[in-house]
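What you are looking at is a predicted structure, and each value in this text was computed from that prediction instead of being measured.
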Amino acid sequence: MDFQNDPELEKLFKDELDERSESLASGARAMAAGELTMDLAGRMLREGHTIKGTGRVMGYEGIARGGETCELVWRWIQQGDLTPSSMLARTLEHLAQAIPDAIGGDAVQISVAIDTVRAVISDQELVDQLPEPLVSDDGAGHYPASTVEPADSDVHVEDVIGSDTTSEDGVEETADVEDSEPSRNNASPVSGLESLDQDELADVTAALDKIEREVA
């Protein structure tokens, strides 16, 4: 299935992205207001975690890196490795608001926000773990899918990303996520799955299955 060339699927992906990004922005505003809890931080890292996975599957590496940045920062806050601040909160809100806009071709603001996050964090060991900003030739951080010829035209999302259909609730919020470095060059959504671990595949499966059910 070519996810990117299906307008209806793309719209549903955007709707899902809008919802998760607004959740991340709300979390950032709670941090700025001094209303941060570790439970909230856990929910926010999950939102970033899922955006990272679905963005990569859909072929939007810029969006994926924005989600990964949110996931890492909120994880560090939850684990006590990073101290919340009003500046960090504003930067995370900016990043959250920039993520859905990248579908329309503006990944530049995601790159700016990632750069700002890197500048705000003083611990160089943490900064080194953050993804590099990415802007592709078309400015969207959006890479075309490779042509995949399925054996059966009735292909489902789980056929593309694997048969692991563990529910999202089964993923521990504090579990470490080990990501291989994504290619800096053009990469297809399918090949990008190789960088996802089993927890990420479960989140991606749940999100894309939801989209596919609505398309059907």
Side-chain angles (χ1 to χ4, degrees), residues 14 16-56 60-104 106-135 139-141 168 171-179 181-182 184 195-197 199-200 203 207:
K14 183 181 186 306
E16 171 108 356
L17 198 62
D18 286 342
E19 180 179 341
R20 294 187 183 279
S21 296
E22 176 52 37
S23 177
L24 284 168
S26 177
R29 290 190 289 269
M31 182 195 300
E35 300 170 353
L36 178 64
T37 66
M38 294 305 99
D39 180 66
L40 174 63
R43 294 199 307 273
M44 294 303 99
L45 75 87
R46 285 293 300 256
E47 298 286 28
H49 177 88
T50 303
I51 288 173
K52 174 183 65 176
T54 54
R56 197 153 285 156
Y60 289 95
E61 182 61 26
I63 288 174
R65 294 191 187 197
E68 182 179 2
T69 300
C70 291
E71 177 190 5
L72 288 172
V73 171
W74 282 107
R75 187 182 302 280
W76 294 333
I77 290 171
Q78 185 191 53
Q79 294 178 343
D81 296 327
L82 184 62
T83 302
S85 69
S86 58
M87 177 64 73
L88 182 59
R90 289 197 297 271
T91 302
L92 287 175
E93 184 176 7
H94 174 206
L95 176 55
Q97 292 171 340
I99 285 173
D101 290 339
I103 290 183
D106 183 14
V108 174
Q109 291 304 311
I110 293 180
S111 294
V112 170
I114 291 176
D115 272 335
T116 307
V117 170
R118 295 171 69 89
V120 168
I121 297 175
S122 59
D123 188 330
Q124 189 59 44
E125 290 186 3
L126 297 182
V127 172
D128 290 343
Q129 297 177 49
L130 290 169
E132 295 286 342
L134 173 71
V135 178
E168 186 172 322
V171 181
E172 292 292 332
E173 289 182 347
T174 57
D176 292 332
V177 178
E178 298 180 359
D179 296 310
E181 180 67 14
R184 296 287 190 255
S195 68
L196 304 182
D197 62 19
D199 286 351
E200 291 176 297
D203 283 347

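A pairwise comparison of heavy atoms in L24 and A96 identifies CB-CB, 3.7 Å as the closest pair. Considering all non-hydrogen atoms of both residues, A30 and L40 come closest at CB-CD2, 3.6 Å. Nearest approach of Q78 to G42, heavy atoms of both residues: NE2-CA, 3.3 Å. Across all their heavy atoms, D18 and P100 have their closest contact at OD1-CB, 3.1 Å. Heavy atoms only, all atoms of each residue included: T69 and P131 are closest at OG1-CG, 3.2 Å.
With hydrogens and angles ignored, the 3.5 Å screen pairs no side-chain donor or acceptor of S26 with any backbone N or O of E22.
Side chains of D115 and V112 form no contact here, defined as non-hydrogen atoms less than 4.5 Å apart. Contact of the I121 side chain with the V73 side chain is registered, since non-hydrogen atoms from C-beta on lie closer than 4.5 Å. The shortest side-chain heavy-atom distance between C70 and I51 does not fall under the 4.5 Å cut-off. The side-chain heavy atoms of I110 and P133, taken from C-beta on, include no pair separated by under 4.5 Å. Inter-residue side-chain proximity for H49 and W74 is flagged as unmet; no heavy-atom pair is nearer than 4.5 Å. Two residues are said to be in side-chain contact when any heavy atoms from C-beta on lie closer than 4.5 Å; L130 and L72 meet this criterion.
Within a 6.0 Å radius of CD in Q124, other residues, nucleotides and ligands contribute more than 12 heavy atoms.
A salt bridge links E132 with R118; the closest basic N to acidic carboxylate O contact falls under 4.0 Å. At a threshold of 4.0 Å, the pair R43-E47 does not count as salt-bridged, since none of the basic side-chain nitrogens sits closer than that to a carboxylate oxygen.
Expressed to the nearest 0.5 Å, how far OG1 of T91 lies from CD1 of I114 amounts to 12.0 Å. Rounded to the nearest 0.5 angstrom, L92 CG and M87 CE are separated by 12.0 Å.
A salt bridge (charged side-chain N to carboxylate O under 4.0 Å, His left out) with E71 is found for exactly one of R20, R65, R46, K52, namely K52.
Applying the side chain to side chain contact (heavy atoms under 4.5 Å, CB included) rule to S86 yields the partners R90; only residues at least two apart in sequence or on another chain are considered.
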